[in-house]
Amino acid sequence: MKSFFHPRLVNDRFDDPSVFVEIPWEHRAVLLDLGLNYHLPPKKLLRVTDALVSHAHMDHFIGFDHLLRLRLPHDRPLRLFGPDGITTRVASKLAGYTWNVVDSYPFSLEVIEIVSDRLKHTRMSARDGFVAIPAGERADGSDVKTVFRDELITVRASLLDHKTPCAAYSLTERLRVNINRDALDRAGLPRGDWLRCLKEKVRAGEPDESEIEVPGRGRLRLGELRQAIVSVNPGQKIAYVVDTVFDEENARRILELAEEADVFFCEARFLDRDADRARSTHHLTARQAGWLARRANVKRLEVFHFSPRYEREPEALHQEAVQAFQGEEVHPEMLWK
Ligand SMILES: [Zn+2]
Ligand SMILES: [Zn+2]
């Protein structure tokens, strides 16, 4: 299956965490966390439509300034997601600069703050000096919330405990809907814009009885078209988890969020021999990351955000994670010690 998302770590596994997820066919990208991102070519950063921030510890948020600076003269808006307090933090960063000559800049920002029982939207634009304008709230008390959806992607988030709320994210391609060209020709149906409309109706799960206008053929039933010329497959999924303590509640939320992911980016800050340190700093060990990947039944695990104490033995972190992911299963009690 052709990959829809092309994800890659922005930095070395010991450096600031950030994953750049490109959607090449759409000239679009999503950034998971805003660690330092100077290494990314500006043309790549200009494609970012959504920045999903886990929390505002410096190593996860310092790249906001670089992204902002590049984006100022451009009109593509940016959505920025983050946990409790993110709106104030973004506004405070913006308040740290002088904006007396930006009224010709078209850049605007929408901040979506994820709190335990709701999502809060705020707009800020360069034209009016980034004054924060509330743009609505939506109640949502679920553990895994759908925080954004458009015709291409769905973003879900869950708040984890890192002594401060830390958002984990999943990014899912909407249902992959393809038209079988041979079947289309055999049925004598025309090509054209109506196929786009057909795909959207299939993605939206509209009922078989709904109809669609086909040029030269009048109104045809969706169910018949779906059966004759459409193939539907689940889309690709990426999950991203950083900076969290390993406990029952966090594990439950992570497993729900990351279930069946194609690629699971998970922090592995410590080795199991330093599990006490992981617990006291609210981080995961490589063994815990591997166990989570196994239980979530993901296809590929990428561990990162390594502590500098292992700079001479990065392989030990990889091996411990792989062992727990694909080797003999570790009993969960071994991880809670
Ligand atoms: Zn942190
Ligand atoms: Zn961190």
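For ligands, and for the atoms within them, numbers begin at 1 and follow the listed sequence. The basis for the numbers below is simple: all heavy atoms, side chains too, and nothing from hydrogens, waters or symmetry mates.
- Each of Arg76, Arg79, Arg149 was checked for a salt bridge (charged side-chain N to carboxylate O under 4.0 Å, His left out) with Asp50, and the lone residue meeting it is Arg79.
- The N, O or S atom of His305 lying closest to the Zn ion (ligand 2) is NE2.
- Look at His55 and the Zn ion (ligand 1): an N/O/S atom of the residue is under 2.8 Å from the metal.
- The distance between the ring centers of Phe325 and His318 does not fall below 6.0 angstrom.
- Restricting His57 to its N/O/S atoms, the shortest distance to the Zn ion (ligand 1) is reached by ND1.
- Counted within 6.0 Å of CZ on Arg226, heavy atoms from surrounding residues, nucleotides or ligands total more than 12; the atom is thus considered enclosed.
- Angle OD2(Asp243) to the Zn ion (ligand 2) to NE2(His60), rounded to 10°: 90°.
- In this pair, His57 and His162 present their aromatic rings perpendicular. The plane angle is above 60°, beyond the 30 to 60° band.
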